[in-house]
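Owing to the predicted nature of the structure, the values given are computational and were not obtained by experimental measurement. Residue numbers begin at 1 in each chain, while the letters A, B, ... track the order of the sequences.
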Amino acid sequence: MLITIKYFGQIAEVTQKDEEQIETSKGSILELLSTLNAKYSDLKHKEFQIAQNQELVGLEAKLTGAEIALLPPFSGG
Amino acid sequence: MLITIKYFGQIAEVTQKDEEQIETSKGSILELLSTLNAKYSDLKHKEFQIAQNQELVGLEAKLTGAEIALLPPFSGG
Amino acid sequence: MTHKKPKNVFQQGAITSEFIGNSIYKHQTKTSIGAHNIFLGQVRADEIDGKTVSAIEYTAYEDMANQKFHEIRESAFEKFDLTCMHIYHSLGTVKAGEICLFVFVSSPQRKVVFEALEFIVEAIKADVPVFGKEIFEDESHQWKINN
Amino acid sequence: MTHKKPKNVFQQGAITSEFIGNSIYKHQTKTSIGAHNIFLGQVRADEIDGKTVSAIEYTAYEDMANQKFHEIRESAFEKFDLTCMHIYHSLGTVKAGEICLFVFVSSPQRKVVFEALEFIVEAIKADVPVFGKEIFEDESHQWKINN
């Protein structure tokens, strides 16, 4: 399935883009993350949380096809 | 000695004045209060604190000749 | 902001939203500030025994009150790492919906302003000789008491 | 003030003192309010390794952020007896000394606004995906992290 992935803040600096679509088999967040780590080697030095469908999820969560976002530490306010 | 006494809020409603000067012998706040209670009979139904020279004082405090104020419950803000 | 000389905290009548906005504006040159916290006391149109409060008329033992405001200010600067602190209180008539108390604290850090503002407002309510007369629409009144 | 429908909390650029003053003004028709409490976040000109922050550039995962703001709002109304609550956050460039966050709570009683405001501000800092890029005067930058 085709998944939209969004990048923010210093994560977008690593990926050099704000958003992309990736074709992936159904799997876990962890599997998706392996793909991304392979594609963007500096990603593993960065701290971030992952949201699926606008909710934070753990690495074991299953991909549903909804939007994924890689979120660096929050600094609002 | 001549002492200035100030009345505020509902105390001034009882005394019908904001301020007066009273001739009194040196004594305690309690003695002054007896004089005032005799003069203004409704005063004993009212709750108030007493300040001398802008500081709250107890009934046993000695009169210094500085300004006295009868202060009903505070309700600023 | 010096915090050493006593000032007159009172102003005649309500404190306007323009005055508050302008006071915020003046702090934008102070670039060490990261957080402001503002408390505003507004006159409520309380209904008491079927009558509605239309205004509060404030009087104060002004000299003692300004001295108490000064002591509160000094002790807040001692306790908390504040950049600025401002207090304004109304005297005279303030209508329901209008603002009678404006307390403004600023600091580099947010945690500080929360603690400081509550400390200052509670001290004002407890220690400052200000007296509010609640005026009803029929011109009768009752004396307000802080809880 | 309805608190049921999600709204857009973001506005482009700094939040002006006029906007804040006007927001206070609009609450003067609500005569059940006795206490307002306002938090303002202001951009600090921090000096880091000899360089001075001249602005913060804010980006956000806007859909999720507005959803989180909405959840914070709902949970604050559930916990506290609030009459009104308003939250505004900047996107884009906010210069040192300018305001990037405006949180405004109102209630009949003062104790409520102190607790509610701190709850809301801490929740915003912790839960809302907003990202601040601190821009130095030489145009280099670093990413801000909330403590």
Side-chain angles (χ1 to χ4, degrees), chain A residues 1-22 24 28-30 32-33 35-37 39-77, chain D residues 6 9-11 15 38-44 46 53 56-72 87-92 94 98-103 117-118 120-135 140-147:
Chain A
M1 66 194 167
L2 200 62
I3 293 185
T4 300
I5 309 181
K6 293 192 164 186
Y7 305 110
F8 292 92
Q10 50 189 308
I11 305 300
E13 286 186 332
V14 167
T15 59
Q16 303 274 320
K17 63 188 69 155
D18 293 336
E19 183 173 334
E20 69 182 318
Q21 293 196 310
I22 284 186
T24 178
S28 65
I29 296 285
L30 182 61
L32 175 65
L33 200 54
T35 309
L36 296 177
N37 274 328
K39 192 165 174 186
Y40 306 109
S41 60
D42 285 344
L43 209 51
K44 61 182 171 298
H45 307 300
K46 294 291 178 184
E47 188 191 337
F48 56 90
Q49 296 178 286
I50 297 176
Q52 178 167 245
N53 199 24
Q54 302 176 27
E55 288 294 338
L56 297 179
V57 288
L59 291 176
E60 71 298 337
K62 293 289 162 209
L63 292 171
T64 62
E67 185 174 277
I68 297 290
L70 271 55
L71 305 171
F74 301 167
S75 50
Chain D
V9 160
F10 292 106
Q11 62 176 58
I15 298 161
I38 293 172
F39 179 85
L40 303 174
Q42 184 167 299
V43 173
R44 281 199 314 264
D46 280 352
V53 172
I56 295 182
E57 211 178 284
Y58 285 104
T59 51
Y61 185 15
E62 291 186 51
D63 288 346
M64 179 174 165
N66 277 316
Q67 179 57 34
K68 288 292 165 194
F69 280 123
H70 181 72
E71 289 167 21
I72 292 168
I87 306 175
Y88 302 92
H89 198 297
S90 294
L91 282 184
V94 182
E98 292 184 331
I99 289 164
C100 56
L101 173 61
F102 170 28
V103 184
L117 188 69
E118 187 164 3
I120 294 163
V121 172
E122 295 303 327
I124 291 171
K125 298 267 180 184
D127 299 340
V128 180
V130 173
F131 313 102
K133 185 173 161 183
E134 294 178 312
I135 315 285
S140 62
H141 72 266
Q142 75 170 20
W143 291 91
K144 187 172 169 255
I145 295 184
N146 282 346
N147 53 14

Under 4.5 Å from a heavy atom of chain A, the part of D:A60 involved: backbone
Which of D:L101, D:T59, D:D63, D:L40 touches chain A most, by non-hydrogen pairs under 4.5 Å: D:D63
Between D:V43, D:I56, D:V130, the one whose heavy-atom pairs under 4.5 Å with chain A are most numerous: D:V130
Contact listing (chain D partner; residues 43-51 of chain A; heavy atom under 4.5 Å): A:A51
Interface moiety of D:I124 toward chain A, non-hydrogen atoms closer than 4.5 Å: neither
Side chain / backbone / both / neither for D:Q142 at chain A, heavy atoms under 4.5 Å: neither
In a table with atom names and distances, give each donor-acceptor pair under 3.5 Å that connects a side chain of residues 63-77 of chain A to protein atoms at least two apart or in another chain.
residue	atom	partner	partner atom	Å
A:T64	OG1	A:A66	N	3.1
A:E67	OE2	D:Y61	OH	2.5
A:S75	OG	D:G132	N	2.8
A:S75	OG	D:K144	O	3.1

Worked verdict on A:K6 versus D:M64 for side-chain contact (heavy atoms from CB on, under 4.5 Å): CA-CA 12 Å; A:K6 293 192 164 186; D:M64 179 174 165; over 6 Å; no
Between NZ on residue D:K68 and CG on residue A:L56, distance to nearest 0.5 Å: 6.0 Å
Straight-line distance of A:Q54 CD to D:N66 CG, nearest 0.5 Å: 9.5 Å
